[in-house]
Amino acid sequence: MSNWELELQNEQERVDTVIEKVEAEQQKLGEQVGSVRTEIVSIRKDFWDDVTVNLDNEDEAIETAASMRQQAEVLSERERTHRQAYNQHKLLMKLKENPYFGRIDFVEQGDQAAEQVYLGIGSFYDKESEQFLIYDWRAPISSLYYDYSIGPAQYQAPTSTITGELALKRQFVIRSGQIRSMFDTGITIGDELLQQVLGRNASDQMKSIVATIQREQNLIIRNEKSKLLLVQGTAGSGKTSAALQRVAFLLYQNRETLTADQIILFSPNQMFNSYVANVLPELGEENMQQTTFQQYIEHMIGKKYKLENPFDQLEYLLTAGQDEAFRIRMDGIMYKSSLRFMQTIDQFVERLRYEGMIFRSLKFKGRVLIDAEAISSYFYSLSPKQSIPNRLQDVTSWLIRELKKLEKRELQEDWVEQEIQFLDKEEYDKFYKKLMSNKQFSEDTFDDFDREQKLLAQYVVRQHFKPLFRRVRSLAYIHVASMYKELLAWAATQGDVPQNWPSICEQALARMDEKQMAYEDATPYLYFKELLEGFKSNKLVRYVFIDEAQDYSPFQIAFIKQLFPRARWTMLGDGNQTIFPHEGGLTDISTLFPDDTQETIRLYRSYRSTRPIVEYTKQLLPDGEAIEAFNRDGSKPLVVSVESEEALTGAIVEQVKAFEADGHQTIAIICKTVQEARAAAERIGDRLPFRLVEKESSSYSKGLVIIPTYLAKGIEFDAVVIYNASAEQFNDEGERNLFYTACTRAMHELTIFHAGEPTAFMQGVSQELFEVKSL
């Protein structure tokens, strides 16, 4: 038996021993989980039997409150114990199948013997030997595995830097308790392991492969000092994977003080949320809050306007002709996305401190109770030294006092008597129970007719006045829309606007009059509204992650920054995949955090696609030479020329069938727009089973999808078909990034069809990098 075979045998014996101990601990925990769950059910069932309730006097009430609090604390402690045991039990289930993926031997400075450290997705401590048999990949010592090759190494412990020598780095592929492969490596992660992982089919969800984290990705994951961490990475460089593993790391490092609901991820679309949903649970962590920016602003603006979706905006820009209306809208989008427009809004709000606030009259049954002028007079009677939100709080208090006076006067109106007469039995019973609960009368009160009528009148008027009080408390008496229109008009007087600003305003006002709002107006409108009413900032969120950050405008980033004033930021993006028009870019983001600790990490190596696909796609870009391909072989991209769109459909159907025959599980036909995707779906009909992905789609699954370019962002597929890369379809230089993004979705196979002349974007690609076929 060779030395290597002996090593393999010894390692397998260790795996067997660890799994045996894991199973024993799992069995104990299983019994504990069941026992604690039974205890919790019993406590909940008998909660009030174990609480002494006596409210006869103050002392008894205090004793009752203490008794309730004590019982609640017992329940809370048992629930916490159950949750911890249950989570540990789930982790042991995973460790039993795949206990660890790596080993390092580290000789600490001053020691003679090396410490053997085995790394897995979670820690396992053996009480019998009093040592860790498995270290969590997020533990400080585990960073040695990702950051160093054989030789001098160091890691940051909680209190000091530990230096020493890395004597061995070993990697395993273990499945169902059996070592399938084992190899030693002197580099960060051996190509052999990456080849195995990256050579597989794309699963129906992104997986967290902590065994393949590269050194530069580890810098992202373990960064704890930066207030802003900006990650600029090429397509397929592992930005999103590293970010999600960063979340898991932060939750692990700060497990006593940080919870998943204190982290929020802004993702590009709902389908992407589905795609990454499994990563954190796989690592034993709860998912953080996930939303899209569109969902957030829709929630904030409410139902007053039908808000345009960003993908509808992009669909318009990609399909509209280059006419005057298009140029007007494009100029409006560019200006309204800028920090210049944000500064204009700030100046206008400052002006409103002294004049120009517009209010709505408070009306009741067609009558004006408090007119807008009276509200304005009261507002401007308050000191302008106060902020507008603080003055509005005073106005709200004043309006509530006035409404209470008017409510009393309303008792004498004729409509009140009439409404009392027509109260149905259900409403009458509701009123009766309400008064009984408020102890406003004894059971014989209703024998007094006058008393009854007075109470009924108060009840009826109060029910009618409730919506008025709600409107006042929600600040609905402020006419934000009218003031936003005034803002647009006033901006023209400041000079720093596009020449066609009147036409831009006309487009915006026409939409608003139809109770619609363009996507480019949504953030400025909401920012303006928040400045007036007071920012609804969330001070509990401690970490904000933004994926595809290059598609956010400077205005949007600055706005989100004010929403989460205490958060640390991780932004991920690739300037080469920018698809939305706006001023500025990733390099301008840092200027929004002038006083904060910042770090930028650049990832140039692409792991998603095979080397031939990366070599091809990098030449689609004017400055793509910096992109590096991982050494994974595969077929060259195939460029297929067809004579007509009729021939196109048949050729694509045959290509997809060939991909399926080769065992590819996720296949995408990527079209430029939704309009083209719908047409493609109609032409393919029942010749292939497929799913058409539109903006409403919220799940990612295996099989064939027909999808527009901008919804495929952030997602990968085993094989990709570009539906029609003709010069007619992709003819504007501004669409180059869109085309590049579509092509870089492919992991193993890329076929590009074009009917007629190919797009000019492909002309700069070297002939030897792709195959050509004509049909």
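Only this structure's heavy atoms are used, side chains among them; waters, hydrogens and symmetry mates stay out. The model shown is predicted, which means the values in this text are computed figures rather than measured ones.
Put simply, CD1 on Ile220 and OG on Ser237 are 7.5 Å apart, with the number rounded to the nearest 0.5 Å. Atoms CZ and CD1, from Arg170 and Ile104 in turn, are 13.0 Å apart once rounded to the nearest 0.5 Å. Note that the CG atom of Asn98 and the CZ atom of Arg180 stand 10.5 Å from one another [nearest 0.5 Å]. Atom CD in Glu256 sits 10.0 Å away from atom CG in Asn254 (nearest 0.5 Å). Here Lys713 contributes atom NZ and Ser267 contributes atom OG; the two are 12.5 Å apart, rounded to the nearest 0.5 Å. The CD atom of Gln154 lies 10.0 Å from the CD1 atom of Ile162; values are rounded to the nearest 0.5 Å.
Counting heavy-atom neighbours within 6.0 Å of Glu7 CD, excluding the residue itself, gives a total above 12. Environment of CG in Asn3: sparse, with no more than 12 heavy atoms of neighbouring residues, nucleotides or ligands closer than 6.0 Å. Heavy atoms from other residues, nucleotides or ligands lying under 6.0 Å from CD of Glu130 number 12 at most. Atom CD of Glu128 has 12 or fewer heavy atoms from other residues, nucleotides or ligands within 6.0 Å.
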Check the pair Asn576 / Asn737 against side-chain hydrogen bond (donor to acceptor under 3.5 Å, both in side chains), numbers first and verdict last.
CA-CA 6 Å; Asn576 291 323; Asn737 288 349; 5.8 Å; no

Could you walk me through whether Phe124 and Tyr100 pass the side-chain contact (heavy atoms from CB on, under 4.5 Å) test, one step at a time?
CA-CA 10 Å; Phe124 180 68; Tyr100 40 81; over 6 Å; no

From CA spacing to verdict: salt bridge (Lys or Arg N to Asp or Glu O under 4.0 Å), Glu716, Arg745
CA-CA 5 Å; Glu716 60 192 25; Arg745 301 306 94 201; over 6 Å; no

Test log, rule side-chain hydrogen bond (donor to acceptor under 3.5 Å, both in side chains), inputs His748 and Arg632:
CA-CA 10 Å; His748 307 293; Arg632 181 161 62 90; 3.1 Å; yes

Would Tyr145 and Phe101 satisfy ring pair (Phe, Tyr, Trp, His ring centres under 6.0 Å), going step by step from the backbone distance to the final call?
CA-CA 11 Å; Tyr145 173 80; Phe101 55 80; 5.7 Å; yes

Quick one: do Arg14 and Tyr118 satisfy side-chain contact (heavy atoms from CB on, under 4.5 Å)? Show the steps, please.
CA-CA 11 Å; Arg14 187 184 192 278; Tyr118 287 82; 3.2 Å; yes

Begin from the C-alpha positions of Met571 and Leu229 and carry the test side-chain contact (heavy atoms from CB on, under 4.5 Å) through to its verdict.
CA-CA 6 Å; Met571 296 194 201; Leu229 178 60; over 6 Å; no

After noting the C-alpha distance and the side-chain angles of Arg222 and Ser143, does the key distance pass the side-chain hydrogen bond (donor to acceptor under 3.5 Å, both in side chains) rule?
CA-CA 9 Å; Arg222 294 175 186 265; Ser143 66; 4.7 Å; no

CA sep, side-chain torsions, deciding dist, call: Thr744, Thr234, side-chain contact (heavy atoms from CB on, under 4.5 Å):
CA-CA 10 Å; Thr744 55; Thr234 189; over 6 Å; no

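For Phe593, the ring pair (Phe, Tyr, Trp, His ring centres under 6.0 Å) partners at least two apart in sequence or on another chain are Trp569. With sequence neighbours excluded, the residues forming a side-chain hydrogen bond (donor to acceptor under 3.5 Å, both in side chains) with Glu115 are Tyr135, listed by chain and number. Here Tyr604 pairs with nothing under the ring pair (Phe, Tyr, Trp, His ring centres under 6.0 Å) rule; sequence neighbours left out.
No donor-acceptor pair under 3.5 Å is formed between the side chain of Gln217 and the backbone N or O of Ala242. When atom types are taken as modelled, the side chain of Ser241 and the backbone of Gly238 share no donor-acceptor pair closer than 3.5 angstrom. With hydrogens and angles ignored, the 3.5 Å screen pairs no side-chain donor or acceptor of Arg138 with any backbone N or O of Leu251. Between the side chain of Glu23 and the main chain of Glu20, no donor-acceptor pair closer than 3.5 Å is present. At least one donor-acceptor pair under 3.5 Å links the side chain of Gln289 to the backbone N or O of Asp261. The backbone N or O of Ser553 sits less than 3.5 Å from a side-chain atom of Gln556, completing a donor-acceptor pair. With hydrogens and angles disregarded, a donor-acceptor distance shorter than 3.5 Å links the side chain of Lys618 to the backbone of Ile627. Using a distance-only test at 3.5 Å, with no hydrogens or angles considered, no donor-acceptor pair links the side chain of Gln156 to the main chain of Ile141. Between the side chain of Thr666 and the backbone N or O of Asp718 there is at least one donor-acceptor pair closer than 3.5 Å. In terms of modelled atom types and a separation under 3.5 Å, the side chain of Lys561 and the main chain of Ala567 share no donor-acceptor contact.
Contact check for Leu119 versus Arg103: no side-chain heavy atoms found under the 4.5 Å cut-off. Side-chain contact check for Phe545 versus Met288: every heavy-atom pair is 4.5 Å or farther apart. Here the side chains of Ile121 and Leu95 are in contact, with some heavy-atom distance below 4.5 Å. With contacts defined as side-chain heavy-atom distances shorter than 4.5 Å, the pair Phe266/Thr291 qualifies. The closest side-chain heavy-atom distance from Pro268 to Thr292 is not below 4.5 Å. With a 4.5 Å cut-off on side-chain heavy atoms, Gln245 and Trp137 count as touching. At least one side-chain heavy atom of Met182 sits under 4.5 Å from a side-chain heavy atom of Leu8. Looking at Gln214 and Tyr146, their side chains never come closer than 4.5 Å, going by heavy atoms from C-beta outward.
Looking at every heavy atom in both residues, Tyr740 comes nearest to Ala235 through OH-CB, 3.8 Å. Closest approach of Ala260 to Asn287, counting heavy atoms only: CB-O, 3.6 Å. Of all heavy-atom pairs between Tyr252 and Ser123, the closest is OH-OG, 4.2 Å. Shown here for Thr610 and Asp633, the closest heavy-atom pair between the two residues is CG2-O, 3.6 Å. Counting all heavy atoms, side chain and backbone alike, Val15 lies closest to Pro99 at CG1-CG, 4.1 Å. Residues Lys239 and Leu603 share a closest heavy-atom pair of CG-CD1, 4.1 Å.
A salt bridge links Glu599 to Lys225: one of the charged nitrogens lies within less than 4.0 Å of a carboxylate oxygen. Using a 4.0 Å cut-off between a side-chain N of Lys or Arg and a carboxylate O of Asp or Glu, Glu25 and Lys21 do not qualify as a salt bridge. Under 4.0 Å is where a charged nitrogen must lie from a carboxylate oxygen, and between Lys536 and Glu530 at least one such pair does. Salt-bridge formation is not detected for the pair Arg568/Glu224: no Lys NZ or Arg NE/NH1/NH2 atom is positioned less than 4.0 Å from an Asp or Glu carboxylate oxygen.
A ring-centre distance under 6.0 Å is found for Phe630 and Tyr607. Between Phe555 and Tyr527, the ring center distance clears the sub-6.0 Å criterion. The six-membered or imidazole ring of Phe559 lies away from that of Tyr296, with a centre-to-centre distance of 6.0 Å or more.
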